[in-house]
Amino acid sequence: MIIILQPDADKKAPAYEKLMRHLESLPGISIRVHDEKGSEQTLTEIYLVGNTMPLISEEIEAYEAVDRVVRVSREYRVLGRHNNDLRDTHFEYNGVRFGQDNLQIFAGLCAVDKPDNVESMMKALKENGLQCTRMGAYKPRTSPYSFQGHGKDCLPYVFELAGKYDIKVISMEITHDDQIDEINEALETAGKPTGVMLQIGTRNTQNFELLKTAGRQKEFPVLLKRGFGITLEESLNAAEYLASEGNRNVIFCLRGMKTNYGDPHRNLVDFSHVPTVKTMTRMPVCIDPSHSVGSRNSSPDNIMDVFHCTAQGVIAGANMILVDFHPVPEEALVDGPQALRMGELSWFLEDVQIAREAYLKRCELQLQLAQ
Ligand code: PEP
Ligand code: MN
């Protein structure tokens, strides 16, 4: 059971103390208080753990400090959307807002290769008004003989260039917990010119020890990719691992499922699950059209499949896009065939804008019809 207090609850106020005295007297129930600090207000949630079945929601709701009570289902206790639970959730990281109601674009390199390419990418982002990017330093590869990423050696110049071009958040995959410390140290040494979102890739969706470590730290938000060969429920449970350890700043990323039924795409695109994940949980939902489609192929309308799939996710309400770009895709060390070219960035952004406006119009239409 979650008790949501009135906004900006004062923990010294008699109304709060009265409620806490009551909750502490409940037999067999333990209490966990969580403050969600937003830029406008702080929301306090009290989690009651134990046998909450005999408790009567209305009795608790009658306390002055309480706004409302939500009974949680057993699944996805922290990140889940429970019965009659229309709570808005969002978080801010390094000045960038992530929620189920907005859209952030992370265009960038699948893998960092050389400083020149990192700089061209960052420069193009700034020129196009973007504040976020993707840059892989640690790459999990199918073959042990493939390029594995430059690791911590590239972090100093990646972070410095991010600072130079006002990039606020870099999505960076980690494959091992040591890499969180390496990223932290490199950021500190560089004077924190940017922020990092830890990306947990599809090959590690169920690496529970990695999830627990990423969940125990609260410095960085986490982008968790859906496992490419497991059920949606299993992937959402993986996200809950992060939250159950204390880190609720989690974004869930759809990136296609591994099956030959998706051919000729690299994966079967699963963006129809954008609204499904938003119904089941309160996480912002990201789409990764590059790893879903895996090529620069176009349809007879001359629009690339990566664009089409992006639009399909955005028109369904996606909140973040992770997309591969490269100054010279032919020279990219990882995933060149799916990378978009720098000159295609403004076209991509305009195309996304069209889909986002269409999504917002669809929401407006729904509101009008509901009245
Ligand atoms: C990536 O985003 O670079 C990546 C490896 O993605 P995934 O884990 O979805 O394969
Ligand atoms: Mn890749």
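What you see is a predicted model, and the numbers here were worked out from it, not measured in a lab.
- Under the 4.5 Å side-chain criterion, counting only non-hydrogen atoms from C-beta, Phe325 is not in contact with Ser290.
- For the pair Val196 and Val169, the minimum side-chain heavy-atom distance is 4.5 Å or more.
- The hydrophobic cluster containing Val334 does not contain Ile174, counting ILVMFWY residues as joined when their side-chain heavy atoms lie under 4.5 angstrom apart, directly or transitively.
- Under the rule for a side-chain contact (heavy atoms from CB on, under 4.5 Å), the partners of Asn204 that lie at least two apart in sequence or sit in another chain are Thr175, Ile200, Asn207, Leu210.
- The backbone N or O of Gly227 lies less than 3.5 Å from a partner atom in the side chain of Thr205, making a donor-acceptor pair.
- Between the side chains of His308 and Ser299, at least one donor N or O sits under 3.5 Å from an acceptor N or O.
- Under the 4.5 Å side-chain heavy-atom criterion for ILVMFWY residues, a single connected hydrophobic cluster contains both Ile105 and Tyr165.
- Not a single donor-acceptor pair under 3.5 Å links the side chain of Thr42 to the backbone N or O of Glu36.
- Formation of a donor-acceptor pair under 3.5 Å by the Glu344 side chain with backbone atoms of Arg341 is found in this model.
- With contacts defined as side-chain heavy-atom distances shorter than 4.5 Å, the pair Asn297/Pro264 does not qualify.
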Please tabulate, for the side chains in residues 106-117, all donor-acceptor contacts under 3.5 angstrom to protein atoms that are two or more places apart in sequence or on a different chain.
residue: Asp113; atom: OD1; partner: Asn117; partner atom: ND2; Å: 3.0
residue: Asp113; atom: OD2; partner: His326; partner atom: NE2; Å: 2.7

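- Cluster partners of Val70, using a side-chain heavy-atom cutoff of under 4.5 Å among ILVMFWY residues and allowing indirect links, are Ile2, Ile4, Tyr47, Val72, Val78.
- Here the closest non-hydrogen pair linking Pro7 and Gln41 is CB-OE1, 3.4 Å.
- Grouping the Ile, Leu, Val, Met, Phe, Trp and Tyr side chains by contacts below 4.5 angstrom, directly or via other members, places Ile315 apart from Met320.
- Thr231 pairs by the side-chain hydrogen bond (donor to acceptor under 3.5 Å, both in side chains) definition with Glu234, not counting sequence neighbours.
- Remark: the backbone N or O of Arg266 is not paired with any side-chain donor or acceptor of Lys258 at under 3.5 angstrom.
- The residues Lys164 and Glu119 are annotated as salt-bridged, a charged nitrogen and a carboxylate oxygen being separated by less than 4.0 angstrom.
- The nearest pair of heavy atoms linking Val269 to Ser292 is CG2-CB, 3.8 Å.
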>> Applying side chain to side chain donor-acceptor pair (under 3.5 Å) to His291 and Arg255, what does each step give before you reach the verdict?
In response: CA-CA 6 Å; His291 290 81; Arg255 47 83 68 215; over 6 Å; no
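- Exactly one residue among Met172, Met135, Lys225 makes a side-chain contact (heavy atoms from CB on, under 4.5 Å) with Gln199. That residue is Lys225.
- Under the 4.5 angstrom side-chain criterion for Ile, Leu, Val, Met, Phe, Trp and Tyr, Val328 has no cluster partners at all.
- When the shell of 6.0 Å around CZ of Arg32 is examined, it contains 12 or fewer heavy atoms from other residues, nucleotides or ligands.
- Crowding of Glu350 atom CD: a count of heavy atoms from other residues, nucleotides or ligands under 6.0 Å not exceeding 12.
- Two residues are said to be in side-chain contact when any heavy atoms from C-beta on lie closer than 4.5 Å; Met121 and Val118 fail this criterion.
- Residue pairs meeting the ring pair (Phe, Tyr, Trp, His ring centres under 6.0 Å) criterion with at least one member in residues 67-89: none, sequence neighbours excluded.
- Going from atom CD of Gln179 over to atom OG1 of Thr213 covers 11.5 Å, rounded to the nearest 0.5 Å.
- Considering all non-hydrogen atoms of both residues, Ser120 and Met342 come closest at O-SD, 4.1 Å.
- Under the 4.5 angstrom side-chain criterion for Ile, Leu, Val, Met, Phe, Trp and Tyr, Phe228 has no cluster partners at all.
- One distance of note links CD1 of Ile354 with CG of Asp351; it measures 5.5 Å at 0.5 Å rounding.
- Side-chain atoms of Thr310 never come within 3.5 Å of backbone atoms of Pro289 as a donor-acceptor pair (strictly under, hydrogens ignored).
- Judged purely by atom type and a 3.5 angstrom limit, Arg282 has no side-chain atom pairing as donor or acceptor with the backbone of Arg87.
- Residues Val222 and Ile251 have side chains not in contact (no heavy-atom distance under 4.5 Å, counting atoms from C-beta outward).
- For Glu75, the CD atom sits in a packed shell: over 12 heavy atoms of surrounding residues, nucleotides or ligands are nearer than 6.0 Å.
- Shortest non-hydrogen contact noted between Leu211 and Leu224 is CD2-CD1, 3.8 Å.
- Salt-bridge formation is not detected for the pair Asp335/Arg141: no Lys NZ or Arg NE/NH1/NH2 atom is positioned less than 4.0 Å from an Asp or Glu carboxylate oxygen.
- Classification of Lys123 and Glu127 as a salt-bridged pair holds, one side-chain N sitting under 4.0 Å from a carboxylate O.
- Side-chain contact between Leu155 and Ile183: present, with at least one pair of heavy atoms (C-beta onward) separated by less than 4.5 Å.
- Between Phe98 and Tyr93, the distance separating the two ring centers is not shorter than 6.0 angstrom.
- A continuous path of ILVMFWY side-chain contacts below 4.5 Å connects Leu349 to Val306, so both sit in one hydrophobic cluster.
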> For Glu364 and Gln368, what are the C-alpha separation, side-chain angles and deciding distance, and is it a side chain to side chain donor-acceptor pair (under 3.5 Å)?
Replying inline: CA-CA 6 Å; Glu364 253 169 53; Gln368 276 168 20; 4.8 Å; no
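- Looking only at distances, a side-chain donor or acceptor of Asn128 sits under 3.5 Å from a matching main-chain atom of Ala124.
- Within the 4.5 Å cutoff, side-chain heavy atoms of Arg77 are placed close to those of Glu240.
- Remark: Leu103 pairs with Val314, Ile321, Val352, Arg356 by the side-chain contact (heavy atoms from CB on, under 4.5 Å) rule, at least two apart or across chains.
- Electrostatic pairing of Arg248 and Glu45 counts as a salt bridge here, judged by a charged N lying under 4.0 Å from a carboxylate O.
- Among the candidates Asp270, Thr202, Asp288, the single residue satisfying the side-chain hydrogen bond (donor to acceptor under 3.5 Å, both in side chains) test with Arg226 is Asp270.
- Panel note: side chain Thr281, backbone Gly80; no donor-acceptor pair is recorded below 3.5 Å.
- Other members of the cluster containing Val66 are Met1, Ile3, Leu5, Tyr16, Leu19, Met20, Leu23, Leu26, Ile29, Ile31, Val33, Ile46, Leu48, Leu55, Ile60, Tyr63, Val69, with ILVMFWY side chains joined at under 4.5 Å, either directly or via other members.
- By the rule that hydrophobic residues join a cluster once side-chain heavy atoms approach within less than 4.5 Å of another member, Met257 and Ile230 end up as members of separate clusters.
- Applying the ring pair (Phe, Tyr, Trp, His ring centres under 6.0 Å) test to residues at least two apart or on different chains, none of the pairs has a partner in residues 171-201.
- No donor-acceptor pair closer than 3.5 Å links the side chain of Lys212 to the backbone N or O of Glu245.
- Inter-residue side-chain proximity for Cys286 and Leu223 is flagged as met; some heavy-atom pair is nearer than 4.5 Å.
- In this structure a side-chain-to-backbone donor-acceptor pair under 3.5 Å is present from Gln217 to Ala214.
- Electrostatic pairing of Asp35 and Lys11 counts as a salt bridge here, judged by a charged N lying under 4.0 Å from a carboxylate O.
- Within the structure, the ring pair (Phe, Tyr, Trp, His ring centres under 6.0 Å) test picks out the following pairs touching residues 112-164 (sequence neighbours left out): Phe147-His150.
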> Given the rule in the side chain to side chain donor-acceptor pair (under 3.5 Å) test, do Asn319 and Gln100 qualify, once you have shown the distances and angles that lead to the verdict?
Replying inline: CA-CA 6 Å; Asn319 307 113; Gln100 281 195 341; 5.6 Å; no
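- For the ring pair (Phe, Tyr, Trp, His ring centres under 6.0 Å) condition, the pairs that include at least one residue of residues 237-269, sequence neighbours left out, are Phe208-Tyr241.
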